[in-house]
Amino acid sequence: MRILKRADGNWQAMMRGGVLSFAVLAAACTQQPRRVVTTQAPPQVVKPEPVKPTVLPQVEQNRVALLVPLTGPNAALGQSIANAANMALLEAGERRVNLRVYDTGPGAEAAAEKALAEGARLFLGPLLAPDVRAVAPIATARGIPVISFTNDASLAGGDIYVMGFQPGQSVARVVSYARSRGIDRFAALVPSGVYGQRASTAFLRAVEAVGGHSVAVVNYPHDPAKMVAAARQVTAYDARTKAALRAPAVRPDGTVAPVATRIAPVAFQALLIADAGTVAAQLAQPLAQFGAASGSVVLLGTELWNNEPALANAKGLRGAMFAAVPDGRFASLTTRYRAKFGGSPSRLASFGYDSVLLVNSLAGNWAYGTPFPKAALANPQGFAGIDGVFRFTPSGIAERALEVQQIGGGAITTVSPAPKSFGN
């Protein structure tokens, strides 16, 4: 109890001391700066709205079959044509055409039947004449047009169209140009076979059409000895030599003229060699020996020379001329082709590209599920392509605007540009 009393006795004093201590503590606390802690909320992450893919409207497509060899000896050529055809479709952005490729290597007839079963309404190709013959009755029975790549004009007609380069057009163009340069006496060397026969007929017609004179036309097989004999024959070397032997040998000054100097020049000013450029280069040497060297006569070639750039350095063909489709756009195609596929396209790859361009140009007038509008192929203004402008004649053969090129100085240059349009 005493402790309690003592505690009670000091209670007031203790309270006064406690209050004083609390007041001092409170005063000390109010003198310190307040520390304010601000908690920053993390930045709000806004999730972007998912990008919805652009969905192009569905387009009804007409199916087109490209018939080319993808196997066998012509596989590389067929693949080159197919690649170029697909390039044309992609570059044009045409979505109304469904192009499918069918291999004619195992058989063109089977390829055509498969294409028809899958709904094809137009055939591009085939490439080879026998394949066109196999496909023609199948396509004709179903009313399916065939835009073939052969150069066999005899196959054209009805629903069959021929896009291949025609020797007759090339011969007519180069003969006409030579005539415009004052040449009026012509001769020709033509190979045996169908191509030579057509070139020979075209040559005679072309010379007559321009008011020229045909001095000689000589055929030859691809045999070295017989080719030399043909060169001797077309130049009439033996007859000219005999005439020289009969001519006076003594000059006015009393000297004797050698027989070679007494041989008269050949009777023609221009000579057509309707064969590949390499064959023409082989014939150039005996022709020079028999008095028809390049320079003394103008050598003329056909569209076959257009696929042989090495001819630029053929000395025996210096000054020679030939007519062919223009090459400028094909050079551009080659650059794009290499970038996409690697390697170089065949010169005939332009058939694939141009045939698809033709279809694309008519796609807007080809209603889905209807026959291909083949009447539009008769457009007299024609179509533009890698190989320049072309149009189909009433017989179904592609008529082309050709340029004339000349060999010389290690280059092949254009001396007469191709027309950019048809005049009528």
Side-chain angles (χ1 to χ4, degrees), residues 61-68 81-82 84-85 88-89 92 94 96-102 108 112 115-116 119-129 131-133 135-166 168-169 325-326 329 348-402 418-424:
Q61 297 178 318
N62 284 308
R63 187 161 296 178
V64 176
L66 178 65
L67 307 178
V68 289
I81 294 174
L89 196 64
E94 180 55 64
R96 290 168 293 189
V97 174
N98 185 330
L99 181 69
R100 295 198 176 185
V101 184
Y102 297 86
L116 289 174
R121 292 182 175 270
L122 173 68
F123 288 166
L124 303 181
L127 172 66
L128 305 177
D131 290 346
V132 178
R133 293 189 186 95
V135 167
I138 300 171
T140 301
R142 298 283 294 273
I144 303 297
V146 178
I147 301 177
S148 71
F149 304 147
T150 179
N151 65 355
D152 189 343
S154 68
L155 298 175
D159 288 332
I160 311 301
Y161 298 81
V162 171
M163 275 191 73
F165 305 136
Q166 299 300 307
Q169 295 178 27
V325 294
R329 291 182 180 177
L348 299 184
S350 59
F351 289 158
Y353 197 97
D354 284 357
S355 63
V356 170
L357 283 188
L358 184 156
V359 176
N360 288 346
S361 70
L362 301 177
N365 298 319
W366 186 9
Y368 173 71
T370 64
F372 178 77
K374 65 178 183 179
L377 295 177
N379 182 355
Q381 300 303 316
F383 309 91
I386 292 296
D387 290 327
V389 295
F390 66 97
R391 62 183 176 183
F392 289 105
T393 65
S395 61
I397 300 170
E399 176 188 355
R400 297 182 177 276
L402 305 178
K420 297 185 181 299
S421 63
F422 292 103
N424 54 344

Report the residues that fulfil side-chain hydrogen bond (donor to acceptor under 3.5 Å, both in side chains) with [X], sequence neighbours left out, ordered by chain and then residue number.
X    : value
Q166 : none
D131 : none
S395 : T393

Quick check on side-chain contact (heavy atoms from CB on, under 4.5 Å): which of L358, V64, D159, V162 does I147 satisfy it with?
L358

Applying the side-chain contact (heavy atoms from CB on, under 4.5 Å) criterion to P126, which one of V68, T150, V146 satisfies it?
V146

For a quick test of reading the model, state the closest non-hydrogen atom pair linking [X] to [Y] and the distance between them.
X    : Y    : value
R63  : W366 : O-CH2, 4.4 Å
S154 : D152 : OG-OD1, 2.5 Å
L66  : A85  : CD2-CB, 3.8 Å
I144 : A120 : CD1-O, 3.8 Å
R391 : N379 : CB-O, 4.0 Å
A376 : F383 : O-CZ, 3.6 Å

Mind checking the [atom1]-[atom2] spacing from [X] to [Y]? Nearest 0.5 Å is all I need.
X    : Y    : atom1 : atom2 : answer
R133 : I160 : CZ    : CD1   : 12.0 Å
L124 : D354 : CG    : CG    : 11.5 Å
N62  : L362 : CG    : CG    : 11.5 Å
L128 : L67  : CG    : CG    : 11.5 Å
E94  : Q61  : CD    : CD    : 9.0 Å
L116 : R121 : CG    : CZ    : 10.5 Å

[X] side chain to [Y] backbone, donor-acceptor under 3.5 Å:
X    : Y    : answer
D387 : P326 : no
R329 : G388 : no
R400 : M163 : yes
Q169 : A398 : yes

Are side-chain heavy atoms of V325 and F165 found at a separation under 4.5 Å?
yes

Can you confirm whether or not the ring centre of F123 sits under 6.0 Å from the ring centre of Y161?
no

